[in-house]
Amino acid sequence: MKIMKKAAVLVAAGALLLTGCSADKGDNEEAGPKPEAVEFEAGTTMAKLQDAGKITVGTKFDQPLFGLKGLDSPEGFDIEIAKIVAAELGLDPEKDIEWVETVSANREPFIENGKVDIVVATYTINDTRKEVISFAGPYYIAGQDLLVLAGTDDVKGIDDVLDKTVCSVTGSTSLENLKTEGVKDTMATETYSNCLEPLRAGKAAAVSTDNVILAGLADQNPGEFEVVENPFTEEPYGIGLKKDDEEFRNFINDTLEKAYDDGRWAKAWENTAGVVLSTPTPPAVERY
Ligand code: GLU
C-alpha cells in the first residue's frame with residue numbers, strides 16, 4: 001500500500017520520505033526462488049551452513065518496518081536481507097532460517113558465542129564493535145533522530161533536549177551518541193518499544209534512536225508520535241558475523257552487491273520499510 005508521502009528526512013543514503021500510512025506485509029518473495037546448489041569450498045562457513053541446511057539469524061522482534069514478530073515469522077527489511085543471504089547459500093529462506101531475538105546489548109555476545117550465525121538487526125558498523133566481531137555491508141544508512149509526542153512544537157533537534165530526559169537503549173550507539181551530544185539525563189531500557197510508555201507518561205521528553213526505527217514506531221501508533229526529522233548522526237547498517245571470517249564476509253558483501261544489481265534489494269525495501277519510507281540508493285559495501 002502506497003499513499004501520499006509528507007515530509008523529508010535527509011540521511012547519507014539519500015532523502016527519505018515519511019508517510020502516515022500503516023505497513024502492510026509485502027509479498028515476501030524478495031529472496032527469490034531457491035538457487036541451484038552452489039558448491040562452496042569445504043571448511044568455509046558457507047559450506048558448513050549449506051551442509052547443516054540451516055542458518056540462525058539474530059534480529060529485532062519489536063521494530064516495525066525492519067524486524068517485527070507477531071505470531072508468525074518476523075517481517076521487515078532486515079528479515080528480507082537475511083532471506084537474501086540464506087537463498088544465496090542454497091537454503092530455503094522460508095524454512096531454513098531459525099530466527100532468534102537479539103536486543104541491542106546482546107548482539108556481539110550472541111555472535112561471539114555462536115548462538116547466532118549472523119545478526120541483521122539495525123546494527124551500526126563501528127570500530128568498537130569491530131574489535132570483537134566483523135561486519136559485512138553496509139546495506140543501508142540511517143541517521144539518529146528524536147521521537148516526541150504528536151503536537152510537540154518546542155523540540156526541533158537534539159539541542160532542544162540537552163536538559164531534558166531522553167529514553168534510549170542499553171548497548172546501542174544511540175545511547176552513546178546522546179551522551180556525546182551532551183544530553184544530561186538519559187533513561188536506558190532494553191528495547192525502543194519500552195521507551196514509548198515513559199514518553200506517553202511525560203517521564204521522557206523524547207525517544208532517540210535511528211530515524212527508520214522511530215518512523216516504524218510512529219507508524220505503528222497512528223497520531224500519537226512524531227519523528228522530529230533532524231538526524232544528527234550517520235548509522236551504517238551492517239550484517240554482524242564472527243570476527244575475521246573473511247570468506248563469509250566477502251560472500252555476504254558479494255551477495256549484497258548482486259542483490260543491488262538484480263533488484264532484490266530494492267524489492268525487499270519496497271515491500272517492507274518502503275511502505276512508509278521512500279527508496280534510498282544502496283550504499284557501497286565496505287571492502288576492508
Ligand atoms: N543502529 C544503532 C545501533 O546499532 C541503534 C539501533 C539499535 O540499537 O539497534 O546501536
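Indexing begins at 1, ligand by ligand and atom by atom, following the structure's order.
Only side-chain heavy atoms of Asp210 come within less than 4.0 Å of ligand 1; its backbone N, CA, C and O stay farther off. Contacts between Ile213 and ligand 1 below 4.0 angstrom, taking non-hydrogen atoms only, involve the side chain exclusively. When heavy-atom distances to ligand 1 are checked against a 4.0 Å cut-off, Ala121 comes that close only through its backbone atoms N, CA, C and O.
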Intermediate values then yes/no, side-chain contact (heavy atoms from CB on, under 4.5 Å), Leu146 and Val155
CA-CA 9 Å; Leu146 299 164; Val155 178; 3.9 Å; yes
Thr209 and Ser174: side-chain hydrogen bond (donor to acceptor under 3.5 Å, both in side chains), yes or no, with the steps?
CA-CA 5 Å; Thr209 186; Ser174 314; 2.8 Å; yes
Checking salt bridge (charged side-chain N to carboxylate O under 4.0 Å, His left out) for the pair Glu257/Arg287: CA distance, chi angles, key distance, verdict?
CA-CA 12 Å; Glu257 282 176 350; Arg287 300 278 182 176; 2.9 Å; yes
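Remark: ligand 1 atoms within the under-4.0 Å shell around heavy atoms of Ser104 are 7 (C), 8 (O), 9 (O). Annotation for ligand 1: atoms under 4.0 Å from non-hydrogen atoms of Ser172 are 8 (O), 10 (O). Close approach of ligand 1 to Tyr237 is summarised as follows: ligand atoms under 4.0 Å from at least one heavy atom of the residue are 1 (N). Near Ser174, with a cut-off below 4.0 Å to any heavy atom, the atoms of ligand 1 are 5 (C). For ligand 1 and Tyr123, the ligand atoms under 4.0 Å from any heavy atom of the residue are 4 (O).
Aromatic rings from Tyr260 and Tyr139 are positioned such that their centres are separated by 6.0 Å or more. Between Trp99 and Phe61, the distance separating the two ring centers is not shorter than 6.0 angstrom.
Ligand 1 has at least one atom lying under 4.0 Å from a heavy atom of Thr209. Using a 4.0 Å cutoff on heavy atoms, Arg129 counts as a contact of ligand 1.
For the atom pair Gln144 CD and Glu181 CD, the distance stands at 7.5 Å (nearest 0.5 Å). The CZ atom of Arg249 sits 11.0 Å away from the CD1 atom of Ile239 when rounded to the nearest 0.5 Å.
Annotation: side chain to side chain donor-acceptor pair (under 3.5 Å) contacts of Asp117 (sequence neighbours excluded): none. Residues forming a side-chain contact (heavy atoms from CB on, under 4.5 Å) with Glu226 (at least two apart in sequence, or on another chain): Val148, Ala150.
By the 3.5 Å distance cut-off applied to N or O atoms, Thr124 is counted among the residues near ligand 1.
Looking at atom 9 (O) of ligand 1, its nearest protein heavy atom turns out to be Lys60 NZ, 2.6 Å. Counting only heavy atoms of the protein, atom 2 (C) of ligand 1 lies nearest to Thr173 OG1, 3.1 Å.
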